Amino acid sequence: MKFLKNNHRSAVITIAATAIVFRICLSTWYDVDYLPSDGIVYHNLAVNIVSGNGYSKSTEPPFEPYFFREPAYPFFVAGIYGIYAQFGNLTYLQDNREDIKNHPEILWVKIIQSLISSVTCIWFYGTLILILKPRIAFLISMAGALYVPLAIFSTFLLRETFQAFVIVGMNYFFARLLLERNRKWLIAFSVALGISALTLRVTIIMPVLTFIYFWIYFKDLKISLAYTAMVAGIMLVMLSPWLIRTYLFYPDWRILRSVGTSHTFEVRNSYLKLEQDLASGFIDSAKFEQEYIRWKALSEKERFERSFSGYFSETSINGTTSLSIPAVAKTAWQRWRMAWLESLWVVKRDNQRIHLRPHSFYKSQGNTVWLAASFVGLLFGYMALPGIIIFFRRTNVILVAFIYFYALFYLISNDPRRMLPVHLFVFLFSCLGIYYVYCRVRKKDPNEIFNQEPGRFL
(Lines give C-alpha, C1' and ligand atoms only; values in the text may rest on other atoms or scores of the structure.)
Protein backbone atom coordinates (compact mmCIF):
# COMPACT_ATOMS: atom_id res chain seq x y z
CA MET A 1 0.00 0.00 0.00
CA LYS A 2 2.30 2.68 -1.30
CA PHE A 3 -0.40 5.33 -0.95
CA LEU A 4 0.11 5.25 2.82
CA LYS A 5 3.79 6.18 2.75
CA ASN A 6 3.50 9.93 2.26
CA ASN A 7 0.15 10.91 3.78
CA HIS A 8 -2.93 9.41 5.34
CA ARG A 9 -5.60 11.00 3.17
CA SER A 10 -6.25 7.88 1.10
CA ALA A 11 -6.37 5.71 4.21
CA VAL A 12 -8.85 8.03 5.95
CA ILE A 13 -11.10 8.21 2.88
CA THR A 14 -11.06 4.43 2.46
CA ILE A 15 -11.83 3.74 6.12
CA ALA A 16 -14.58 6.37 6.22
CA ALA A 17 -16.19 5.19 2.98
CA THR A 18 -16.15 1.55 4.13
CA ALA A 19 -17.68 2.44 7.50
CA ILE A 20 -20.38 4.70 6.02
CA VAL A 21 -21.48 2.27 3.31
CA PHE A 22 -21.55 -0.66 5.76
CA ARG A 23 -23.63 1.27 8.30
CA ILE A 24 -26.08 2.78 5.83
CA CYS A 25 -26.65 -0.65 4.30
CA LEU A 26 -27.38 -2.03 7.76
CA SER A 27 -29.78 0.82 8.53
CA THR A 28 -31.86 -0.01 5.44
CA TRP A 29 -32.32 -3.74 6.04
CA TYR A 30 -31.21 -4.89 9.52
CA ASP A 31 -34.12 -4.91 11.97
CA VAL A 32 -35.48 -1.64 10.60
CA ASP A 33 -38.54 -1.80 12.86
CA TYR A 34 -36.58 -2.27 16.11
CA LEU A 35 -37.47 0.47 18.58
CA PRO A 36 -35.82 0.17 22.03
CA SER A 37 -37.76 1.55 24.98
CA ASP A 38 -34.91 3.98 25.71
CA GLY A 39 -35.23 5.19 22.13
CA ILE A 40 -38.83 6.26 22.75
CA VAL A 41 -37.65 8.50 25.59
CA TYR A 42 -34.84 10.00 23.51
CA HIS A 43 -37.22 10.64 20.64
CA ASN A 44 -39.85 12.39 22.76
CA LEU A 45 -37.19 14.45 24.56
CA ALA A 46 -35.83 15.63 21.21
CA VAL A 47 -39.32 16.43 19.87
CA ASN A 48 -40.04 18.55 22.95
CA ILE A 49 -36.72 20.37 22.69
CA VAL A 50 -37.39 21.27 19.05
CA SER A 51 -41.02 22.16 19.79
CA GLY A 52 -40.06 24.54 22.59
CA ASN A 53 -41.51 22.41 25.37
CA GLY A 54 -38.22 22.12 27.23
CA TYR A 55 -36.28 19.06 28.30
CA SER A 56 -39.29 16.83 28.99
CA LYS A 57 -40.33 13.34 27.93
CA SER A 58 -44.03 14.12 28.42
CA THR A 59 -46.25 14.00 25.36
CA GLU A 60 -48.80 16.50 26.66
CA PRO A 61 -48.84 19.62 28.87
CA PRO A 62 -47.66 20.63 31.39
CA PHE A 63 -44.41 18.96 30.17
CA GLU A 64 -42.79 18.11 33.49
CA PRO A 65 -39.01 18.77 33.49
CA TYR A 66 -36.97 15.62 33.06
CA PHE A 67 -33.74 14.74 34.83
CA PHE A 68 -33.42 10.96 34.65
CA ARG A 69 -31.20 10.85 31.54
CA GLU A 70 -28.15 12.95 30.72
CA PRO A 71 -28.85 15.63 28.08
CA ALA A 72 -26.08 15.37 25.46
CA TYR A 73 -27.57 12.62 23.30
CA PRO A 74 -31.15 13.99 23.34
CA PHE A 75 -29.78 17.38 22.27
CA PHE A 76 -27.78 15.66 19.52
CA VAL A 77 -30.99 14.02 18.27
CA ALA A 78 -32.83 17.34 18.66
CA GLY A 79 -30.25 18.99 16.41
CA ILE A 80 -31.09 16.50 13.67
CA TYR A 81 -34.83 16.86 14.28
CA GLY A 82 -34.49 20.63 14.13
CA ILE A 83 -33.22 20.34 10.56
CA TYR A 84 -35.87 17.74 9.68
CA ALA A 85 -38.62 20.01 11.07
CA GLN A 86 -37.91 22.42 8.22
CA PHE A 87 -39.23 19.78 5.80
CA GLY A 88 -41.66 17.63 7.80
CA ASN A 89 -43.69 17.30 10.99
CA LEU A 90 -42.44 15.82 14.26
CA THR A 91 -44.77 13.57 16.25
CA TYR A 92 -44.38 11.72 19.54
CA LEU A 93 -43.83 8.01 19.99
CA GLN A 94 -46.20 6.29 22.41
CA ASP A 95 -44.76 2.76 22.56
CA ASN A 96 -42.43 0.40 20.73
CA ARG A 97 -45.25 -1.12 18.71
CA GLU A 98 -45.47 1.93 16.48
CA ASP A 99 -44.39 1.71 12.87
CA ILE A 100 -41.09 3.58 12.55
CA LYS A 101 -41.87 4.20 8.88
CA ASN A 102 -44.31 6.85 10.09
CA HIS A 103 -41.38 8.70 11.66
CA PRO A 104 -38.88 9.42 8.85
CA GLU A 105 -36.98 11.72 11.21
CA ILE A 106 -35.63 8.56 12.89
CA LEU A 107 -34.09 7.52 9.55
CA TRP A 108 -32.30 10.87 9.51
CA VAL A 109 -30.81 10.03 12.91
CA LYS A 110 -29.64 6.66 11.62
CA ILE A 111 -27.92 8.29 8.63
CA ILE A 112 -26.18 10.93 10.76
CA GLN A 113 -25.15 8.28 13.27
CA SER A 114 -23.66 6.28 10.41
CA LEU A 115 -21.58 9.32 9.54
CA ILE A 116 -20.33 10.00 13.07
CA SER A 117 -19.66 6.29 13.62
CA SER A 118 -17.40 6.43 10.59
CA VAL A 119 -15.62 9.40 12.19
CA THR A 120 -15.14 7.19 15.26
CA CYS A 121 -13.28 4.76 12.99
CA ILE A 122 -11.14 7.64 11.74
CA TRP A 123 -10.38 8.68 15.34
CA PHE A 124 -9.37 5.07 15.93
CA TYR A 125 -7.04 5.09 12.93
CA GLY A 126 -5.56 8.42 14.06
CA THR A 127 -4.94 6.91 17.48
CA LEU A 128 -3.27 3.78 16.11
CA ILE A 129 -1.04 5.79 13.80
CA LEU A 130 0.54 7.36 16.88
CA ILE A 131 2.19 4.06 17.78
CA LEU A 132 1.85 1.69 14.81
CA LYS A 133 3.25 1.77 11.32
CA PRO A 134 0.72 3.15 8.80
CA ARG A 135 0.05 -0.11 6.99
CA ILE A 136 -0.75 -2.00 10.21
CA ALA A 137 -2.87 0.87 11.58
CA PHE A 138 -4.81 0.94 8.31
CA LEU A 139 -5.50 -2.81 8.26
CA ILE A 140 -6.68 -2.90 11.88
CA SER A 141 -8.84 0.20 11.38
CA MET A 142 -10.42 -1.23 8.23
CA ALA A 143 -11.30 -4.38 10.12
CA GLY A 144 -12.61 -2.24 12.99
CA ALA A 145 -14.82 -0.32 10.55
CA LEU A 146 -16.56 -3.64 9.86
CA TYR A 147 -16.91 -4.58 13.54
CA VAL A 148 -20.61 -5.48 13.49
CA PRO A 149 -21.78 -4.51 17.01
CA LEU A 150 -20.46 -0.96 16.70
CA ALA A 151 -21.97 -0.66 13.24
CA ILE A 152 -25.36 -2.10 14.17
CA PHE A 153 -25.80 0.21 17.14
CA SER A 154 -25.53 3.17 14.78
CA THR A 155 -28.90 2.03 13.39
CA PHE A 156 -30.64 2.29 16.78
CA LEU A 157 -32.00 5.33 18.56
CA LEU A 158 -29.56 4.77 21.44
CA ARG A 159 -26.69 6.86 22.77
CA GLU A 160 -23.87 4.33 22.36
CA THR A 161 -22.90 5.51 18.85
CA PHE A 162 -22.66 9.14 19.95
CA GLN A 163 -20.87 8.13 23.15
CA ALA A 164 -18.32 6.02 21.23
CA PHE A 165 -17.66 8.96 18.91
CA VAL A 166 -16.97 11.25 21.88
CA ILE A 167 -14.89 8.77 23.89
CA VAL A 168 -12.66 7.53 21.06
CA GLY A 169 -12.07 11.16 20.03
CA MET A 170 -11.37 12.12 23.63
CA ASN A 171 -8.90 9.24 23.88
CA TYR A 172 -7.11 10.49 20.74
CA PHE A 173 -6.81 14.03 22.14
CA PHE A 174 -5.35 12.69 25.38
CA ALA A 175 -2.74 10.58 23.58
CA ARG A 176 -1.67 13.61 21.55
CA LEU A 177 -1.44 15.61 24.77
CA LEU A 178 0.88 13.05 26.37
CA LEU A 179 3.11 12.90 23.31
CA GLU A 180 3.27 16.62 22.52
CA ARG A 181 2.35 18.48 25.75
CA ASN A 182 0.44 21.03 23.70
CA ARG A 183 -2.37 22.69 25.62
CA LYS A 184 -4.70 22.72 22.64
CA TRP A 185 -4.99 18.96 23.12
CA LEU A 186 -5.63 19.48 26.83
CA ILE A 187 -8.55 21.78 26.00
CA ALA A 188 -9.89 19.41 23.32
CA PHE A 189 -9.66 16.46 25.70
CA SER A 190 -11.36 18.36 28.54
CA VAL A 191 -14.25 19.54 26.36
CA ALA A 192 -14.75 15.99 25.06
CA LEU A 193 -14.66 14.71 28.65
CA GLY A 194 -17.38 17.18 29.60
CA ILE A 195 -19.55 16.06 26.68
CA SER A 196 -18.91 12.44 27.64
CA ALA A 197 -20.07 13.07 31.22
CA LEU A 198 -23.20 14.75 29.82
CA THR A 199 -23.82 11.67 27.66
CA LEU A 200 -23.34 9.05 30.36
CA ARG A 201 -21.92 10.18 33.68
CA VAL A 202 -19.54 7.23 34.09
CA THR A 203 -16.53 9.31 32.99
CA ILE A 204 -17.04 11.97 35.68
CA ILE A 205 -14.08 10.75 37.79
CA MET A 206 -11.68 10.30 34.88
CA PRO A 207 -9.48 13.22 36.10
CA VAL A 208 -8.20 10.81 38.77
CA LEU A 209 -6.76 8.54 36.08
CA THR A 210 -5.49 11.45 34.00
CA PHE A 211 -3.53 12.71 37.01
CA ILE A 212 -1.81 9.31 37.27
CA TYR A 213 -1.02 9.42 33.56
CA PHE A 214 0.38 12.96 33.81
CA TRP A 215 2.58 12.02 36.75
CA ILE A 216 3.95 8.94 34.97
CA TYR A 217 4.62 10.69 31.65
CA PHE A 218 5.61 14.18 32.82
CA LYS A 219 7.36 13.12 36.04
CA ASP A 220 6.48 16.51 37.54
CA LEU A 221 3.96 16.72 40.37
CA LYS A 222 3.27 20.43 39.94
CA ILE A 223 2.55 20.13 36.21
CA SER A 224 0.44 17.03 36.81
CA LEU A 225 -1.69 18.81 39.40
CA ALA A 226 -2.03 21.91 37.20
CA TYR A 227 -3.11 19.89 34.14
CA THR A 228 -5.55 17.83 36.20
CA ALA A 229 -7.05 21.00 37.69
CA MET A 230 -7.51 22.42 34.18
CA VAL A 231 -9.18 19.21 33.01
CA ALA A 232 -11.54 19.18 35.99
CA GLY A 233 -12.24 22.90 35.68
CA ILE A 234 -13.16 22.77 31.98
CA MET A 235 -15.28 19.69 32.56
CA LEU A 236 -17.12 21.47 35.38
CA VAL A 237 -17.79 24.46 33.11
CA MET A 238 -19.27 22.06 30.56
CA LEU A 239 -21.47 20.47 33.23
CA SER A 240 -22.55 23.69 34.97
CA PRO A 241 -25.63 24.60 32.87
CA TRP A 242 -27.12 21.16 33.49
CA LEU A 243 -26.19 21.20 37.19
CA ILE A 244 -27.64 24.68 37.67
CA ARG A 245 -30.88 23.61 35.98
CA THR A 246 -31.17 20.63 38.31
CA TYR A 247 -30.35 22.71 41.39
CA LEU A 248 -33.04 25.25 40.49
CA PHE A 249 -35.52 22.38 40.27
CA TYR A 250 -34.35 20.64 43.44
CA PRO A 251 -32.08 22.93 45.52
CA ASP A 252 -29.89 20.37 47.25
CA TRP A 253 -26.12 20.19 46.70
CA ARG A 254 -26.31 16.41 46.81
CA ILE A 255 -27.47 16.50 43.20
CA LEU A 256 -23.75 16.72 42.37
CA ARG A 257 -23.37 13.07 43.39
CA SER A 258 -25.43 11.94 40.40
CA VAL A 259 -24.23 14.71 38.05
CA GLY A 260 -27.61 16.41 38.24
CA THR A 261 -29.66 13.38 37.22
CA SER A 262 -32.56 11.90 39.17
CA HIS A 263 -31.05 8.50 38.42
CA THR A 264 -29.21 8.66 41.73
CA PHE A 265 -27.21 5.84 43.27
CA GLU A 266 -30.10 5.25 45.68
CA VAL A 267 -32.57 4.95 42.79
CA ARG A 268 -30.22 2.57 41.00
CA ASN A 269 -29.77 0.44 44.13
CA SER A 270 -33.52 0.35 44.65
CA TYR A 271 -34.00 -1.08 41.18
CA LEU A 272 -31.13 -3.55 41.63
CA LYS A 273 -32.70 -4.74 44.89
CA LEU A 274 -35.93 -5.30 43.03
CA GLU A 275 -34.13 -7.39 40.42
CA GLN A 276 -32.27 -9.27 43.16
CA ASP A 277 -35.51 -10.19 44.89
CA LEU A 278 -36.92 -11.52 41.64
CA ALA A 279 -33.78 -13.58 40.95
CA SER A 280 -33.73 -14.89 44.54
CA GLY A 281 -37.38 -15.93 44.44
CA PHE A 282 -38.52 -13.55 47.19
CA ILE A 283 -41.02 -12.06 44.76
CA ASP A 284 -42.60 -13.45 41.60
CA SER A 285 -42.68 -11.83 38.19
CA ALA A 286 -46.16 -10.37 38.79
CA LYS A 287 -45.00 -8.66 41.98
CA PHE A 288 -41.86 -7.46 40.23
CA GLU A 289 -43.88 -5.97 37.38
CA GLN A 290 -46.21 -4.26 39.86
CA GLU A 291 -43.34 -2.75 41.87
CA TYR A 292 -41.42 -1.82 38.72
CA ILE A 293 -44.38 0.08 37.29
CA ARG A 294 -44.79 1.88 40.62
CA TRP A 295 -41.04 2.69 40.66
CA LYS A 296 -41.13 4.00 37.09
CA ALA A 297 -44.19 6.14 37.83
CA LEU A 298 -42.37 8.24 40.46
CA SER A 299 -42.10 11.89 39.56
CA GLU A 300 -38.68 13.48 39.25
CA LYS A 301 -39.16 15.34 42.52
CA GLU A 302 -40.14 12.11 44.30
CA ARG A 303 -36.99 10.41 43.02
CA PHE A 304 -34.81 13.17 44.42
CA GLU A 305 -36.73 13.32 47.72
CA ARG A 306 -36.67 9.58 48.31
CA SER A 307 -32.98 9.41 47.42
CA PHE A 308 -31.87 12.14 49.79
CA SER A 309 -34.32 11.38 52.61
CA GLY A 310 -32.92 7.86 52.95
CA TYR A 311 -36.16 6.23 51.82
CA PHE A 312 -34.49 4.16 49.11
CA SER A 313 -31.60 3.24 51.41
CA GLU A 314 -33.77 2.15 54.32
CA THR A 315 -36.56 0.41 52.48
CA SER A 316 -36.50 -2.40 50.00
CA ILE A 317 -38.74 -5.17 48.84
CA ASN A 318 -39.31 -7.62 51.72
CA GLY A 319 -36.77 -10.40 51.86
CA THR A 320 -33.83 -8.62 50.26
CA THR A 321 -30.53 -9.82 51.72
CA SER A 322 -26.98 -8.64 51.26
CA LEU A 323 -24.87 -10.45 48.70
CA SER A 324 -22.30 -12.98 49.92
CA ILE A 325 -18.68 -12.92 48.76
CA PRO A 326 -19.24 -15.87 46.38
CA ALA A 327 -22.28 -14.08 44.92
CA VAL A 328 -20.26 -10.88 44.43
CA ALA A 329 -17.48 -12.89 42.76
CA LYS A 330 -20.01 -14.58 40.47
CA THR A 331 -21.54 -11.22 39.56
CA ALA A 332 -18.07 -9.77 38.91
CA TRP A 333 -17.22 -12.66 36.58
CA GLN A 334 -20.52 -12.29 34.70
CA ARG A 335 -20.10 -8.55 34.32
CA TRP A 336 -16.50 -8.87 33.17
CA ARG A 337 -17.64 -11.30 30.48
CA MET A 338 -20.39 -8.89 29.45
CA ALA A 339 -17.79 -6.12 29.33
CA TRP A 340 -15.49 -8.03 27.01
CA LEU A 341 -15.55 -8.34 23.24
CA GLU A 342 -17.06 -11.82 23.12
CA SER A 343 -18.37 -11.78 19.58
CA LEU A 344 -18.06 -10.20 16.17
CA TRP A 345 -21.83 -9.88 15.78
CA VAL A 346 -25.01 -9.44 17.82
CA VAL A 347 -28.33 -11.21 18.23
CA LYS A 348 -31.85 -10.17 19.21
CA ARG A 349 -33.08 -12.36 22.01
CA ASP A 350 -36.60 -13.50 22.87
CA ASN A 351 -37.20 -10.39 25.00
CA GLN A 352 -36.57 -8.26 21.87
CA ARG A 353 -33.39 -6.78 23.35
CA ILE A 354 -30.15 -6.60 21.42
CA HIS A 355 -27.27 -8.54 23.02
CA LEU A 356 -23.58 -8.74 22.21
CA ARG A 357 -23.20 -12.37 23.36
CA PRO A 358 -24.91 -14.49 20.69
CA HIS A 359 -23.13 -17.69 21.73
CA SER A 360 -25.09 -17.78 25.00
CA PHE A 361 -28.32 -17.34 23.03
CA TYR A 362 -27.47 -20.08 20.55
CA LYS A 363 -26.55 -22.40 23.41
CA SER A 364 -29.87 -21.82 25.18
CA GLN A 365 -31.71 -22.40 21.88
CA GLY A 366 -29.76 -25.57 21.14
CA ASN A 367 -28.59 -24.17 17.80
CA THR A 368 -25.31 -26.03 17.43
CA VAL A 369 -24.39 -24.71 13.96
CA TRP A 370 -24.61 -21.06 14.93
CA LEU A 371 -23.10 -21.83 18.32
CA ALA A 372 -20.02 -23.26 16.61
CA ALA A 373 -19.84 -20.25 14.28
CA SER A 374 -20.12 -17.85 17.21
CA PHE A 375 -16.99 -19.35 18.75
CA VAL A 376 -14.98 -17.64 16.00
CA GLY A 377 -15.94 -14.29 17.49
CA LEU A 378 -15.48 -15.62 21.01
CA LEU A 379 -11.95 -16.84 20.27
CA PHE A 380 -11.08 -13.58 18.52
CA GLY A 381 -12.25 -11.56 21.54
CA TYR A 382 -10.22 -13.55 24.02
CA MET A 383 -7.08 -13.29 21.90
CA ALA A 384 -6.96 -9.76 23.33
CA LEU A 385 -5.73 -11.15 26.65
CA PRO A 386 -2.30 -12.26 25.36
CA GLY A 387 -2.26 -9.10 23.25
CA ILE A 388 -2.60 -6.95 26.38
CA ILE A 389 -0.02 -8.92 28.33
CA ILE A 390 2.56 -8.74 25.55
CA PHE A 391 1.97 -5.26 24.13
CA PHE A 392 0.58 -3.16 26.99
CA ARG A 393 3.88 -1.43 27.66
CA ARG A 394 4.16 -0.30 24.02
CA THR A 395 0.53 0.81 23.77
CA ASN A 396 -0.45 2.33 27.13
CA VAL A 397 -0.08 5.88 25.82
CA ILE A 398 -3.30 5.38 23.81
CA LEU A 399 -5.26 3.44 26.43
CA VAL A 400 -6.67 5.98 28.89
CA ALA A 401 -10.31 5.27 27.94
CA PHE A 402 -9.75 1.52 27.78
CA ILE A 403 -8.10 1.42 31.22
CA TYR A 404 -10.75 3.65 32.78
CA PHE A 405 -13.74 1.67 31.54
CA TYR A 406 -12.32 -1.72 32.41
CA ALA A 407 -11.21 -0.54 35.84
CA LEU A 408 -14.88 0.25 36.52
CA PHE A 409 -16.38 -2.71 34.68
CA TYR A 410 -18.21 -3.96 37.78
CA LEU A 411 -20.19 -0.71 38.00
CA ILE A 412 -20.61 -0.11 34.27
CA SER A 413 -21.14 -3.43 32.55
CA ASN A 414 -24.46 -4.60 33.97
CA ASP A 415 -25.58 -4.13 30.36
CA PRO A 416 -23.18 -5.35 27.60
CA ARG A 417 -23.64 -2.22 25.46
CA ARG A 418 -22.20 0.02 28.19
CA MET A 419 -18.65 -1.03 27.25
CA LEU A 420 -19.18 -0.75 23.51
CA PRO A 421 -17.40 2.66 23.25
CA VAL A 422 -14.06 1.02 24.11
CA HIS A 423 -14.52 -2.26 22.24
CA LEU A 424 -12.31 -1.02 19.42
CA PHE A 425 -9.36 -1.14 21.81
CA VAL A 426 -10.15 -4.74 22.76
CA PHE A 427 -10.38 -5.33 19.00
CA LEU A 428 -6.90 -3.82 18.65
CA PHE A 429 -5.44 -6.20 21.23
CA SER A 430 -7.17 -9.17 19.61
CA CYS A 431 -5.45 -8.26 16.35
CA LEU A 432 -2.11 -7.85 18.15
CA GLY A 433 -2.57 -11.17 19.94
CA ILE A 434 -3.13 -12.96 16.65
CA TYR A 435 -0.21 -11.12 15.09
CA TYR A 436 2.06 -12.27 17.94
CA VAL A 437 1.14 -15.90 17.28
CA TYR A 438 1.90 -15.34 13.59
CA CYS A 439 5.32 -13.86 14.49
CA ARG A 440 6.14 -16.80 16.74
CA VAL A 441 5.34 -19.25 13.95
CA ARG A 442 7.27 -17.28 11.33
CA LYS A 443 10.10 -16.41 13.75
CA LYS A 444 9.65 -12.68 13.21
CA ASP A 445 10.06 -9.77 15.61
CA PRO A 446 6.54 -8.73 16.76
CA ASN A 447 7.77 -5.24 17.67
CA GLU A 448 8.58 -4.34 14.08
CA ILE A 449 5.03 -3.00 13.61
CA PHE A 450 5.61 -0.15 16.08
CA ASN A 451 6.83 3.32 15.13
CA GLN A 452 10.21 4.42 16.38
CA GLU A 453 8.76 7.91 16.76
CA PRO A 454 5.10 8.87 17.33
CA GLY A 455 3.13 9.34 14.13
CA ARG A 456 0.07 11.51 13.48
CA PHE A 457 -2.39 12.33 10.75
CA LEU A 458 -3.71 15.72 11.95
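Predicted model only: the values in this text are computed from it and were never measured. Atom set for the values below is all heavy atoms of this structure, side chains included, hydrogens, waters and symmetry mates excluded.
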Salt bridge present between [X] and [Y] (N-O < 4.0 angstrom):
X      : Y      : result
Arg335 : Asp415 : no
Lys57  : Glu64  : no
Arg306 : Glu266 : no

Once you measure the plane-to-plane angle for [X] and [Y], does it fall in the parallel (<30°), tilted (30-60°) or perpendicular (>60°) bin?
X      : Y      : answer
Trp340 : Trp336 : parallel
Tyr213 : Tyr217 : parallel
Phe402 : Phe425 : tilted
Tyr73  : Tyr42  : perpendicular
Phe304 : Phe249 : tilted
Tyr81  : His43  : perpendicular
Trp108 : Phe87  : tilted

[X] side chain near [Y] side chain, heavy-atom distance below 4.5 Å:
X      : Y      : result
Leu130 : Val397 : no
Phe450 : Thr395 : yes
Tyr406 : Val426 : yes
His8   : Pro134 : yes
Asn451 : Ile131 : no
Leu157 : Val109 : yes
Phe156 : Ile106 : no
His263 : Arg303 : no

Problem - Validation row, ring centre Trp215 to ring centre Phe211 under 6.0 Å - result: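 Ring centres of Phe211 and Trp215 closer than 6.0 Å.
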Problem - Trp123-Phe173 aromatic ring centre distance below 6.0 Å - result: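 Yes, close enough.
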Side chains of [Y] and [X]: any donor to acceptor distance under 3.5 Å?
X      : Y      : value
Glu305 : Tyr311 : no
His103 : Thr91  : yes
Arg159 : Thr199 : no
Thr264 : Ser307 : yes
Tyr404 : Asn171 : no
Ser196 : Thr203 : yes

Exercise for the section: Give the minimum heavy-atom separation between Phe68 and Glu300, together with the two atoms involved. Expected result: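 Smallest interatomic distance, heavy atoms only, reads N-OE2, 3.0 Å.
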Practice task
In sequence, state the C-alpha distance, the side-chain angles, and the governing distance for Phe391 and Phe429, and then conclude on ring-ring contact (aromatic ring centres under 6.0 Å, His included).
Solution key: CA-CA 8 Å; Phe391 295 106; Phe429 280 118; 7.9 Å; no
Problem - Residue among Leu198, Leu193, Val191 satisfying side chain to side chain contact (heavy atoms under 4.5 Å, CB included) with Ile195 - result: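 Going through Leu198, Leu193, Val191 one by one, the side chain to side chain contact (heavy atoms under 4.5 Å, CB included) with Ile195 is satisfied by Val191 alone.
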